[in-house]
Amino acid sequence: MRRVTLNISVIGTGYLGATHAACMAELGFDVIGVDVDPEKIESLSRGELPFHEPGLPELIRKHVDSGRLRFTTDMSEVGAWGDVHFIAVGTPQVKGGTGADLTYVDAATTSLVRSITKSGALIVGKSTVPVGTAARLYDLVQEQKNPGVELSLAWNPEFLREGFAVEDTLRPDRLVVGTRTEADEAKLREVYAEALGRDTPWVSTDFETAELVKVAANAFLATKISFINAFAEVTETVGGDITTLADAIGFDDRIGRKFLNAGVGFGGGCLPKDIRALQTRVAELGLDHSMKFLDEIDQINLRRRKKAVARAFELLDQDVVGKKIAVLGITFKPLSDDVRDAPGLDVAARLFNAGADVHVYDPEGNKNAAKRYPRLGYVDSLTEAVKDAELVVLTTEWNEFKALTPADLQDLVAAKRFVDARNVLPAAQWEAAGWTFAQLGRKFNG
Ligand code: UDX
């Protein structure tokens with residue numbers, strides 16, 4: 001086995017940090033995860049996670065048991081010990097605004113720098129930040145470091161997808177590092193030696209490019225989704241089939257088929273907030289026009305939620321009051337329990353606010369959704385949700401829902417009406433079985 005020399009700390013043990021810490025331990029490093037929340041630290045130490053991520057609890061338990069991974073609330077434990085300190089705290093959207101809230105990144109960096117007594121350590125930012133943050137933090141580190149301690153800073157954005165977080169961290173499709181010295185880059189090459197041994201592309205660049213790569217990637221993905229959804233608005237009006245259109249343009253490998261699934265649009269903790277933060281940042285820089293198109297991307301996306309609700313109204317002859325509607329799937333995507341900015345939850349809440357008797361079922365998301373919208377009716381099974389429903393609306397494409405056939409539901413529902421807002425079911429089959437069946441991106445003839 002490779003000789004492992006570096007002690008690694010990860011500051012912030014949320015989604016990104018907990019995954020990164022566990023994966024660093026899996027690579028053979030000794031790792032300490034630090035968080036200000038004692039409850040989180042206690043449950044992580046038992047291998048329990050406050051969110052759903054396949055494979056991660058097992059990996060954490062494995063390395064807590066092997067002694068390679070520990071969690072603490074005490075920053076001073078890592079200050080005298082760590083060689084590489086990853087900052088993995090959140091950068092949420094500011095309350096009442098569209099920019100990124102850097103309070104946690106700043107607080108974590110300041111507290112870390114003050115605690116570092118081991119000279120030659122490297123601080124590595126992983127959080128998604130507005131361009132210019134790394135340069136500012138570099139200066140902050142130099143100003144605030146303890147006397148006699150040499151410290152540097154690098155930026156290394158993370159591209160992990162929820163549901164595939166472990167896989168994406170252990171086997172990334174590329175590694176991007178922004179550094180100011182060759183020694184810092186060399187240290188990061190040591191951290192990622194295993195991936196580099198597999199010829200993973202290594203992009204070594206400056207701070208600004210490293211910061212921008214992350215938001216550019218997310219802006220591109222959001223644009224792809226809203227691009228196909230803009231065409232869905234057209235096919236809904238003139239006729240045509242949006243899925244066939246996506247397949248056909250996707251065969252052109254300059255375009256590619258991925259992220260061209262039309263439906264109720266994107267959500268989650270990254271894409272929506274990152275495109276808003278990017279626009280805000282470039283506007284601050286005086287470049288109001290260069291990212292203006294992202295506003296349209298956001299608007300197209302938000303219109304999809306309204307369209308799903310409009311379809312529900314159409315199928316119920318514009319009268320939803322008191323009607324039982326089953327909403328299937330309220331996480332922002334399958335294999336996650338994350339309901340942040342989730343299109344399905346938004347659709348369910350809009351139907352509820354319009355007076356419908358909404359019954360929500362999601363394999364993982366009910367608990368988190370109930371914290372945000374306690375008044376919706378949450379049930380523990382698909383059967384309970386659809387029983388006596390006047391309308392079924394599919395808003396997240398969990399396998400359990402993709403496998404549904406008309407025969408599975410016909411004896412349970414009160415009326416055979418279905419809105420497939422993710423375009424994952426075979427419309428012709430449902431229509432042939434007597435269902436009034438609507439999708440997004442297809443003309444609905446009632
Ligand atoms: C995203 C990026 O993919 C990841 O690289 C980055 O690090 C964090 O943000 P994630 O938020 O986990 O990851 O979700 P992703 O798989 O990208 O899906 C985002 C949203 O787009 C979901 O709501 C999904 O349902 C939607 N989507 C995706 C579509 O509507 N259509 C598609 O074709 C693909």
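We count ligands from 1, going down the list as the structure has it; atoms in each ligand are counted the same way. For the numbers below, each heavy atom of this structure counts, side chains included, while hydrogens, waters and symmetry mates do not.
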Inset, instruction - Might you list the protein residues in contact with ligand 1, defined as having a heavy atom under 4.0 Å from one of its atoms, sorted by chain and number? - result: E158, F159, L160, R161, E162, K214, N218, L221, I225, F259, L260, N261, G265, F266, G267, C270, L271, F332, K333, R422
Inset, instruction - May I ask you to decide if the ring planes of Y361 and F401 are parallel, tilted or perpendicular, using 30° and 60° as cut-offs? - result: perpendicular
Inset, instruction - Mind listing the closest non-hydrogen atom pair of W398 and E364 along with its distance? - result: CH2-CG, 3.6 Å
Legend entry - Name of the residue among T223, I228, I225, N229 meeting side chain to side chain contact (heavy atoms under 4.5 Å, CB included) with I300: N229
Legend entry - Whether D106 side chain and T103 backbone form a donor-acceptor pair below 3.5 Å: no
Legend entry - Name of the residue among R276, K273, R372 meeting salt bridge (Lys or Arg N to Asp or Glu O under 4.0 Å) with D341: R276
Inset, instruction - Please answer whether the main-chain N or O of F259 pairs with a side-chain N or O of K224 as donor and acceptor at a distance below 3.5 Å. - result: no
